[in-house]
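As structure tokens, the structure follows; a few thoughts come after it.
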2 protein chains.
Amino acid sequence: MGIEERKKRERQHRKNVIIDAAEKVIFAKGIEQATMKEIAEEAELSKGTLYLYFKNKNELYIAIAKRGSDYLNDQFSKVFAGDHTGIELIRMIGETYLSFVRENPDYFHAFQYYESINDVKELQKSEIAETCETNRREALNYMVRALQIGMQDGTIDDNYDPKQLAIILWSSTRGITTMSHMKEVGHYFKMLDEMEIKVESLYEDFLRLIGVGIATEEARKEWVTDGQKNETSVDG
Amino acid sequence: MGIEERKKRERQHRKNVIIDAAEKVIFAKGIEQATMKEIAEEAELSKGTLYLYFKNKNELYIAIAKRGSDYLNDQFSKVFAGDHTGIELIRMIGETYLSFVRENPDYFHAFQYYESINDVKELQKSEIAETCETNRREALNYMVRALQIGMQDGTIDDNYDPKQLAIILWSSTRGITTMSHMKEVGHYFKMLDEMEIKVESLYEDFLRLIGVGIATEEARKEWVTDGQKNETSVDG
DNA sequence: ATATAAAATGACCGTTAGTCATAAAGTGAC
DNA sequence: GTCACTTTATGACTAACGGTCATTTTATAT
């Protein structure tokens, strides 16, 4: 039936309009200060209507996080479009992550919010949260794939279990990213400044460090020079 | 003046009583569900009194985070009491962190909350938040010290800048810790389970990985065997 | 034109963070 | 012990917000 289809589309569209509005308000004022009334006004809807599309304010914010993770995965997928060795892919995934967070700190903040929800049972009731979960899995899978490719093309030491290594790389990369984000937002600022730490080259240095561990002998030289080569042109 | 002193002590004591109560309530129900009234009742005080000791609910939660970071730093300091090489210290700091988070997930959650506050200006007005900042700096300094010790005793490659390396290790270790914590709390659970990833050996594997990068030739063998000694799981 | 279903509204309710006028307790002087 | 004064504690009160639901508006089918 055409009408059903159209209604479904319209519903999805309206959802997006609401998320747009929610982003505007929440990104500007923060989750706690943002009110449903204001979001409703921004979306040119009444407050009650929001609740026809989202269970509550929480779910609305999770929907924003989901949108962010869609974007991010989209970026990841592009990395694989080119013709790269496995170890290059690893580097690029991290770089992609990092620049995503730099360019979209508010989405990253939404990620953090989502991941800091302890009441996972509550989460599981939400379809949107399920999608977030799927997206996370997909992201991690990109890492696994990159490693597998690297083990095939001989750029990554194949003594590792790719899955296990992927989660290590993913977690630690995320740690680096979080630090970089916090610096950007103002946390740690004074401290990092006083210690004269260069956050800009944090990821590059991190890569060089782990590169020694995961790259094969042959790929290692390439890796290091690659790092030094990129260092000058990487930020921007 | 004796009375002034006593009053100061009493005020501090009352603060602690309130934090005790807040921990009980907030750890049980989560920040959002916890109410000031309930915390007041738990502390056997009236609601208004809480506000004589803490600016608002937020600051109360930050006070909890501060207490947690006091504990954590206390643990870190103990690591340096024994007679260890630099590279051993690095390992131990991470292990300390990890087991702290395992044993005190609620404090870690408070850390996350604190660090996800974007309005850093608002934070700077709070004396408690300042102390949190100091504690973070102290924690990072432990890492720096461990590296310096390692460079002295020849267990850590002294081509690195200890500060820069410290922040890398700190950030990535924190990423690993966060992942481990999330698994514990239920996030990622299904995914990690399906991928048959062993979170228990995550840190050990991570150490082995970076160990190759930071340890000197001589220390490396020690490092790896040490790892195998401590953990039954080894790569495929 | 009418009946029915779907979508939207906003007044309303319960709850809670935070305030403040008032009360109680503590202190010091005499 | 009493009085004047300061510090600390109280809880009723307010404003604001998340979320609900009876009612209205709009769309669809007959």
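Treat the numbers as computed from the prediction; the structure is a model and nothing was measured. The sequence lines fix the lettering, A, B, ..., with proteins before strands; numbering per chain opens at 1. Just so you know, these numbers use all the heavy atoms, side chains as well, and skip hydrogens, waters and symmetry mates.
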How many angstroms lie between atom [atom1] of [X] and atom [atom2] of [Y], to the nearest 0.5 angstrom?
| X | Y | atom1 | atom2 | result |
| --- | --- | --- | --- | --- |
| L123(A) | E130(A) | CG | CD | 9.0 Å |
| Q148(B) | R145(B) | CD | CZ | 9.0 Å |
| E23(B) | N16(B) | CD | CG | 9.5 Å |

Starting at atom [atom1] of [X], determine the distance to atom [atom2] of [N], rounded to an integer number of angstrom.
| X | N | atom1 | atom2 | answer |
| --- | --- | --- | --- | --- |
| I39(B) | dT15(C) | CD1 | P | 18 Å |
| E41(B) | dT10(D) | CD | P | 12 Å |
| K8(A) | dA6(C) | NZ | C1' | 16 Å |
| E4(A) | dA7(C) | CD | P | 10 Å |
| Y53(A) | dG18(D) | OH | C1' | 20 Å |
| Y51(B) | dT7(D) | OH | C1' | 21 Å |
| R14(A) | dT9(C) | CZ | P | 7 Å |
| E38(A) | dG10(C) | CD | P | 17 Å |

Should [X] be listed as having a side-chain N or O under 4.0 Å from OP1 or OP2 of [N]?
| X | N | result |
| --- | --- | --- |
| T49(A) | dT9(C) | yes |
| R6(B) | dT27(C) | yes |
| R11(B) | dT7(D) | no |

Query - Sidechain-backbone polar pair: H187(A) side chain, I117(B) backbone, donor-acceptor under 3.5 Å - result: yes

Query raised in the report: Of K55(A) and G48(B), whose nearest nucleotide on DNA chain D comes first from the 5' end?
Result: G48(B)

Query raised in the report: 5'-most contact on DNA chain C: L50(A) or K7(B), nearest heavy atom basis?
Result: L50(A)

Query raised in the report: For DNA chain C, whose closest nucleotide is more 5', that of I31(B) or that of L45(A)?
Result: L45(A)

Query raised in the report: Counting only distance, no hydrogens or angles, is the base of dG18(D) paired donor-acceptor with the side chain of K47(A) under 3.5 Å?
Result: yes

**Report entry** Presence of donor-acceptor pair under 3.5 Å, side chain of K57(B) and base of dG18(C)
**Finding:** no

Query raised in the report: With a non-hydrogen cut-off below 4.0 angstrom, is T35(A) in contact with a base, only sugar-phosphate, or nothing?
Result: sugar-phosphate

Query raised in the report: With a 4.0 Å cut-off on heavy atoms, is A40(B) in touch with a base, just the backbone sugar-phosphate, or nothing at all?
Result: nothing

Requested in this report: Answer with yes or no after comparing the ring centroid distance for Y142(B) and F80(B) against a 6.0 Å cut-off, counting only values under it.
Outcome: yes

